[in-house]
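The next block holds one structure in the form of C-alpha cells; read it before the comments.
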There are 2 protein chains.
Amino acid sequence: MDQVNLKRLAKELNLAISTVSRALSDSYDISEGTKKKVLALAKKLNYQPNPFARSLRNRSSKTIAVILPEIANNYFSVAINGIEEVAQANNYHVLIYITHENLQKEADIVRLLLNGRVDGILMSLSGGPEDTDHLKELQESKVPVVFFDRVSDTIETAKITTNNFESGYLATSHLISRGSQRVAYLTYSGELSIEQQRMKGYMESVSKRGLLFREEFIVCCNRNSAENYEKIKELFSADGRPDGVFASVESLAILAYEVCSELNLRIPEDVKIVGFSNLRTASLLNPALTTITQPAFNMGREAAKALFEALKKPHIKMEDQTIVLRSNLIERRSTAAN
Amino acid sequence: MDQVNLKRLAKELNLAISTVSRALSDSYDISEGTKKKVLALAKKLNYQPNPFARSLRNRSSKTIAVILPEIANNYFSVAINGIEEVAQANNYHVLIYITHENLQKEADIVRLLLNGRVDGILMSLSGGPEDTDHLKELQESKVPVVFFDRVSDTIETAKITTNNFESGYLATSHLISRGSQRVAYLTYSGELSIEQQRMKGYMESVSKRGLLFREEFIVCCNRNSAENYEKIKELFSADGRPDGVFASVESLAILAYEVCSELNLRIPEDVKIVGFSNLRTASLLNPALTTITQPAFNMGREAAKALFEALKKPHIKMEDQTIVLRSNLIERRSTAAN
DNA sequence: TTGAAAGCGATACCAA
DNA sequence: TTGGTATCGCTTTCAA
C-alpha cells in the first residue's frame with residue numbers, strides 16, 4: 001500500500017482529494033499556501049498521476065498509434081523519427097504496430113484500436129486492395145487518421161504523400177536520357193495508389209519518349225516472396241533484355257543489383273538502374289545507386305503535425321491538411337551514360 | 001450516448017452488469033444460455049471493452065515500452081521486428097521511445113514510465129555513463145526491465161547481448177591475418193559496457209599478435225557530431241596512417257568508406273575495413289564490407305521473451321534469463337589480402 | 001446461476 | 001477557498 005495517489009496526498013495533508021487535485025492542476029480557486037504545500041509533498045513522494053484513471057475519466061489517452069507495413073527499411077524508420085519528435089513535443093506516447101504487409105493483420109490491428117485506446121492513428125497501408133472493411137470501420141469511427149506515403153484513395157482524410165507520378169516520370173525519363181532504350185519497371189502488386197501513380201509516370205514517359213511499350217517489361221513482384229529474385233533474373237536473362245530498370249521500391253533495386261552481379265551484367269554499361277530508396281549507403285554501393293529519395297523525416301513529421309492539429313481543433317476538416325511533398329532524383333553512377 | 005459498454009449490454013438484455021461481465025469472460029457459473037445471448041449481442045453491437053477501465057481495475061496495462069537510442073539503423077529496426085512479433089503473440093501493445101543518444105531524454109522517458117503505464121520495459125542504453133539516477137529509480141521500481149545489446153553493467157536483471165569481446169578480438173585478428181600491420185579502432189565514447197568489451201577484444205588481439213599499440217589509433221567519436229568525419233580524415237591523413245580499421249559501430253564504418261573515397265585510399269589495398277553492421281547492403285558496397293553481424297531479430301525476440309517470462313512468473317529471478325548470443329564475422333572484399 | 005455494490009484513481013460539479 | 005460526491009467502465013466479492 002505504498003502507492004502514491006491523490007488519496008494518500010490528501011490524507012497526509014488533511015485536505016480533501018478534490019482540493020489536492022485542483023492544487024496540482026494549478027486551479028485558480030486554490031490559495032497559494034495550499035498549492036505550495038501540495039506541490040511540495042507531491043514532489044517529495046514523487047507523485048505520478050495514474051494514466052489510466054485519467055484516460056478513463058477524460059476520454060483521452062495521450063497516445064497515438066503508428067501502423068506500418070514494415071520497419072526494417074530506412075524510409076519507415078526515418079519517418080518514425082519524425083513522428084516521434086512531434087509526439088514527444090506534444091507529450092504524447094507512440095504505439096507501434098507492424099502489419100508485415102498482411103492485410104488480415106492490418107485489419108486486426110485497426111479493430112484493436114477502435115475502442116479508445118488511442119486518440120489518433122498514423123498509417124501507411126500494407127499492400128493489397130484498398131477498399132477493405134476495416135478501413136471503412138476506421139472511417140466510421142471517429143478516431144482521426146492521417147495516411148502517409150502509402151495512402152488510401154478511398155478514404156477522405158489528411159494524406160501526406162510525395163509527387164509519385166512526377167517521380168515515376170522523372171526516373172524513367174532520366175534512364176532514357178542516359179541512353180536506355182528498353183526500360184523495365186519493377187513493382188509490387190500495383191494495387192496501392194502510390195504504386196499506380198509511379199507506374200503511370202513510367203508509362204507516360206515511355207510513351208512520350210517514343211519507346212516501345214512491352215508488357216513483359218513490367219515485373220510485378222510479391223511482397224514477402226523468395227521468388228522475386230528469380231523473376232528479375234528471368235527478366236534479365238531473356239533476349240532483348242532491358243537496358244534500363246526503374247525499381248519502384250528499394251528492395252527491388254537491391255535485388256536487381258544482386259541479379260546483375262550473378263549474371264555478370266555491368267551497371268551502368270549493360271543495365272542502368274534507378275530506384276526509389278532512402279538508403280544511407282546508396283552512394284557507397286557498387287556502383288553508386290541513382291535514387292528517387294523521399295523526404296522521410298519530413299513526411300513523418302508532417303503526418304504527425306496534421307494529426308495533432310486535428311486533435312487540437314476537432315472541427316477542422318482533415319482533408320484540408322493533405323500535403324504533397326517533393327521527392328528528389330539523386331543522380332549517381334548507376335545511370336551514367338555509356 | 002451510443003457507447004457500447006457493459007451497462008448498455010446489460011440493459012438491452014435485462015441482466016446485471018456483473019452477469020454480462022462474467023459471461024464475456026466465460027466464467028464457469030454462468031449458464032450456457034445467457035452466455036450465448038450475451039456473446040451474440042456483444043458481437044452484434046461490436047462491443048470492445050474499455051482498455052483504461054480494465055487497466056485501472058486490473059493494474060495491468062497489456063503494454064510494454066521499448067526505449068532505444070536511435071531507430072534509423074538496421075540493427076534496431078530489425079530488433080523491433082523481433083520484439084513486435086513476440087508482443088503481438090502475447091496480445092501486448094508496444095510503446096516506442098527514442099532517446100537520440102541523449103541521457104536527459106532517456107531519464108525523462110524512464111520516469112514517465114514508472115507510474116504503471118507499462119507492465120515492463122525493453123531497453124538499449126543511450127551512450128554515456130551507466131550509473132545514472134534514473135536507472136537506479138528504474139531498478140527500485142518494480143517494473144521489470146530487460147536490456148538488450150547496450151546493456152547496463154550496474155543493474156542486475158535479464159540482459160541479451162552478443163559475445164562482444166570475442167567479436168572485437170576476432171575482427172582485429174582477421175585484419176591482422178589479412179596483412180594489416182597498423183590497425184586502428186573507431187568507437188564512440190567508450191563508456192558503455194559493450195564498447196569496452198569490443199575495445200578489450202581489440203587490445204587483446206593487438207597485443208597477442210605482437211602489434212605495436214598506438215594511442216592515436218584509437219579514435220573516439222561523438223555521437224550526433226559532424227566532426228567525426230574530420231577526425232577520421234585526420235587519422236587517415238597522418239604519416240604512418242593505419243592500414244586496417246575496425247569500426248565498432250556501423251555508422252563509423254560508413255564514414256570510413258566516405259573518407260577513403262575522398263582521400264583516394266583504395267579498400268582493401270591501402271586500408272582494410274571491418275565493421276559491426278547489420279546493413280542489408282553490406283555485400284553491395286564498393287567494395288563489399290566485411291562485417292560483424294549481430295543476430296538482431298533474435299536479440300529482439302529473446303529480449304521480449306525474457307520480459308514476458310518475467311511477467312507471467314513474477315517470482316523468477318530476472319538475472320537468470322540473461323543470454324549471450326553469437327555474432328558472425330562475414331568476410332567480404334573490404335578485408336581481402338593484397 | 002444471478003444481482004448488488006464496492007473500488008480502481010482522477011476529475012468536475014454542486015454546496016458550503 | 002475548500003469539501004463532498006458522482007462518474008468514467010470494468011472486475012470481483014459477497015449475498016441472494
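Lettering follows sequence order; numbering is per chain, from 1.
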query = Are B:E101 and B:S126 close enough that a side-chain donor and a side-chain acceptor fall under 3.5 Å?
reply =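 Result is no, nothing qualifies.
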
Just the rounded figure in Å: distance from [atom2] of [N] to [atom1] of [X].
X	N	atom1	atom2	value
A:N115	D:dG9	CG	P	12 Å
A:N58	D:dC8	CG	C1'	9 Å
A:K7	D:dT5	NZ	C1'	14 Å
B:E32	C:dT2	CD	P	10 Å
B:R8	D:dC8	CZ	C1'	17 Å
A:F52	D:dT7	CZ	C1'	19 Å
A:K11	D:dG3	NZ	C1'	17 Å
A:L24	D:dT2	CG	P	13 Å

*Of the candidate nucleotides D:dT2, C:dA10, D:dT12, which contains the atom at the shortest distance from the side chain of A:R54?*
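For the A:R54 side chain, the nearest candidate turns out to be C:dA10.
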
Report task. Could you check which of C:dA10, C:dT2, C:dG9 has an atom nearest any side-chain atom of A:L56? Result ->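 Of the candidates, C:dG9 comes closest.
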
Looking for any heavy atom pair under 4.0 Å, which part of the strands does [X] touch: base, sugar-phosphate only, or nothing?
X	value
B:D29	base
B:T34	sugar-phosphate
A:I17	base

- request: Using the ring-ring contact (aromatic ring centres under 6.0 Å, His included) rule, collect all pairs that involve residues 11-66 of chain B, keeping only residues at least two apart or in two chains.
  value: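 Checked against ring-ring contact (aromatic ring centres under 6.0 Å, His included) - neighbours excluded - no pair reaches residues 11-66 of chain B.
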
Below 4.0 angstrom from OP1 or OP2 of [N], is there any side-chain N or O of [X]?
X	N	value
B:Y47	D:dC10	yes
A:R57	C:dG9	no
B:S31	C:dT2	yes
A:R59	D:dG9	yes
B:N50	D:dG9	no

Counting heavy atoms not belonging to A:E12, are there more than 12 under 6.0 Å from its CD?
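Yes, the 6.0 Å shell around CD holds more than 12 heavy atoms from other groups.
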
Exercise for review: Check whether any side-chain heavy atom of A:I160 sits under 4.5 Å from a side-chain heavy atom of A:V146, and report yes or no.
Suggested key: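 Yes - at least one pair of side-chain heavy atoms lies under 4.5 Å apart.
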
Q | Pair of N/O donor and acceptor under 3.5 Å linking C:dA4 base with B:S18 side chain | A |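 Flag set: donor-acceptor pair detected.
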
Test for a donor-acceptor pair under 3.5 Å between the base of C:dG3 and the side chain of B:R22, counting only N and O atoms.
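Result: at least one qualifying N/O pair found.
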
Please collect all side-chain hydrogen bond (donor to acceptor under 3.5 Å, both in side chains) contacts where either partner lies in residues 313-325 of chain A, sequence neighbours excluded, each pair once.
->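 Those involving residues 313-325 of chain A are A:E309-A:K313.
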
